[in-house]
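For reference, the structure is listed below as structure tokens.
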Amino acid sequence: MTELIVGLAGNPNVGKTTVFNQLTGMRQHVGNWPGKTVERAEGHFSHGDYDYDVVDLPGNYALSAHSMEEIVSRDFIVDDDSDVIVNVVDAANLERNLYLTVQMMELGANLVMALNMNDFAKKKDHIIDIKLMSELLGFPVIEINAKTKDGFEELLTTVEKASKNPIDSSEKLSYGNEIKGHLASIQELIEQDSSLLDVPSIWTAIKLLEKDSIVIEKVQQSSKSSQIMVEVDKVASHFYDVYQEGAEEVIANARYSFIDGLMAEAVKRPAVEKETTTDKIDRIVTNRFLAIPIFIVIMYLLFQLTFTIATPFVDLIDAGFAALGEYLAEAVGNEMLGSFLQDGLIGGVGGVLVFLPQIILMFLFLSILEDSGYLARAAFTLDKIMHSLVGLHGKAFIPMILGFGCGVPAVMATRTMENESDRLLSMMLIPFMSCTARLPIYSIFIAAFFTANQGLILLSIYLLGIVVALIVAGILKRTMFKGLSAPFVMELPTYKVPSVKGVLLHTWEKTKGFLRKAGTIILGAAIVIWILSYLPMGVEYGSQECVLGMIGTAIAPIFAPLGFGTWQAGIAILTGLVAKEVVVSTFATLGGLEEDDEEGVTQLVHDTFTPLSAYSFMAFCLLYVPCFASLGAIKQESNSWKWPLTMVCITLVTAYIVSLLIYNVGLLAGFG
Amino acid sequence: MKTLSDVKPGETVTLVKYHDTGDVDLRRHLLGMGFVRGAQIRVKQVASLGDPIEMTIKGYDVCLRKEEAKNIEVE
């Protein structure tokens, strides 16, 4: 068997990931590029005598030093010992797709083009002479259909042939005599230093003219650096004199002129483009008056389907694990081991698995929305709100809405945002959206104090969360995320029917990732909490006498200025870290009541709180550290401990300040 | 002098040049997406809340905020 390393490169939305999924199926591994937050998908399969190792490169429009994704892609083409780069191209959108192709040609990559979406091109009456195009480009072009796998056999045999006879794809590239001559004068100097020749000199020359920071840094190490840079400046100012444009624009124009020439020869297009199905759908979906109502309906469905369908399964998992825990505890006999199994291990595993139904459903619906092309339209419609209120991208809206259901899927939904700092800022705001796990806390306190206007009080809590999120976003945008606002240039892809295989694979990958990474954190935290609740030996589990109870009692005075400095509240706040709904059952345990004795708990709350301290406590529960599960999800998504820890600090400080304000302003206003 | 942010839905314009005031990184990104001199841009529509703008360029659809479109001169 011969091993073949193949990179899949292409623009976003061209079916590149579909090709990858079709080739590798379940034999793929999704991780991160070393030291980066960019996702790396790699997969294996064999074909004939070849063992393929396929890497799905990030979808890019260019190969500049502009973003992590682009740097990762070009480093792979330059450094990694890949045999062939397969360039997946959207035939219906050839002009812009070729811009990336041309840049890979500058690198001299051993290219094979997989021309996808030919049916879309035919619908637009674009007729492509594939043979001629292949001749003009100087490397093979194969027509494929990523969905049906048509043309895959030919693609693979072509890749195998190409691996045996690698070509230098820069040969057929021509940017006209004027530019060629000037590039040559820079190339000549570059070629005098052999340490710069790991990449084609034409590529280095072009990147220097484009002021590419990484290439400039590399050239500065060279002994020829001053001569090279003088020549680059000379050429750049000459370009400006001739074209009245900067060197970057001149080069972009030259690339597009090459593409225009190629298109003119190899592609026949109608003089006036036909109206496509996408245009027709968009006249309704992004219509000025209809766009927002349509968005609201889709979000309502997403929310309802995710959380209502999930609820019975969640309850089932919950009850199943509770029963299993009880059964095991009895069967084991040993008190300590039984408690560990029931409350620590089974409780912890149950705490992880309980999220599965929601995560699976959310990813299922979200991948359908994303793959169909709707998500980009939603971002287009809502960008104005998100941008003016919190300085975020329109796509940030969806995770925020999901946050009202459960923070864990919401954090994972931030994956749809390309810009890293936008993604992180959205994650930091999600916990302020009041999730369903906090509802039991509110119902107990409202039942105890606010029966007269329960709806209003509940609404005020939800609104408080939103208002606080807006303020925190404003502060973070001016401090931690300063100047990181990404400009909004977003492609609106053509509408497509999502592929079942793609949606299922995506959902499976995400679920697996959650179980493996976030799951271990949640389980670990549950076991630590169990130890703290069990020790010292002999005390009642989770009572005031256990270590957790002692800590809760010790920290209770900190909350006195907020109106709830009791040991019960202190302990409940600690156990609430596991999951917010545990706050209620903690009050029950501490009051010596049955866990589901709602009336008893309400009475207990009524006796230990005042209306004002009750509201202050609800606000604190809304805003303080989200559960371990969402912290675990943030750790997994951000790939670092920095962000969950930052989140802990932000939420603690915010919750304390807001509750302090509520309680003291309330006292002054006379609500005691 | 007309900029891309002034174009009415349904109109087709030609890109003339970028203003020097715009963000350099953004310009580089836009160049990669086909916003080069002479490119034909057809504005399709403006979002419900007045921003961003949806347009067709080089045969595909893309959207831009007005504050960014303001730096692109067209005719």
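The chains referred to below are lettered A, B, ... by the order of the sequence lines, with proteins before strands, and numbering in each begins at 1.
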What's the spacing between B:Q45 CD and A:D282 CG if we round to 0.5 Å?
6.5 Å
Taking atom CD of A:E217 as the centre, report whether more than 12 heavy atoms of other residues, nucleotides or ligands fall under 6.0 Å from it.
no
Part of A:E210 lying under 4.5 Å from any heavy atom of chain B
backbone
By the definition salt bridge (charged side-chain N to carboxylate O under 4.0 Å, His left out), identify the one residue from B:R28, B:K17, B:R27, B:R37 that meets it with A:E249.
B:R27
Can you check whether A:D279 reaches B:K44 side chain to side chain, under 4.5 Å on heavy atoms?
yes
Between A:T286, A:I292, A:L290, who has the most heavy-atom pairs with chain B when the cutoff is under 4.5 Å?
A:T286
From B:R65 atom CZ to A:M490 atom CE, the distance as rounded to the nearest 0.5 Å
9.5 Å
Please name the pair of heavy atoms, one in B:L31 and one in A:Y256, separated by the smallest distance, quoted to 0.1 Å.
O-CE1, 3.5 Å
If you tally heavy-atom pairs under 4.5 Å between each of A:E491, A:R96, A:E95 and chain B, the highest tally belongs to A:R96
Rounded distance (nearest 0.5 Å) linking atom OG1 of A:T276 with atom OH of B:Y60:
15.0 Å
Nearest 0.5 Å please: distance from the CG atom of B:D51 over to the CZ atom of A:F488.
9.0 Å
With rounding to the nearest 0.5 angstrom, report the CZ to CG distance, A:F380 to B:D61.
9.5 Å
Check for me whether B:K58 meets the cation-pi criterion with A:Y99, that is, NZ or CZ under 6.0 Å from the six-membered ring centre and within 45 degrees of the ring axis.
no
Proximal component of B:I53, with respect to chain A [non-hydrogen, under 4.5 Å]
backbone
Part of B:E67 within contact of chain A (heavy atom distance under 4.5 Å)
side chain
If one checks every heavy atom of A:K211 against chain B at 4.5 Å, the contacting part turns out to be both
Taking NZ in B:K70 as the centre, count heavy atoms belonging to other residues, nucleotides or ligands within less than 6.0 Å. Is the count above 12?
no
B:S48 OG to A:N287 CG distance, which is reported to the nearest 0.5 Å
7.0 Å
Check whether more than 12 heavy atoms from other residues, nucleotides or ligands sit under 6.0 Å from atom NZ of B:K2, and answer yes or no.
yes
Evaluate the side-chain proximity of A:L492 to B:V62: yes if any heavy-atom separation is below 4.5 Å, no if none is.
no
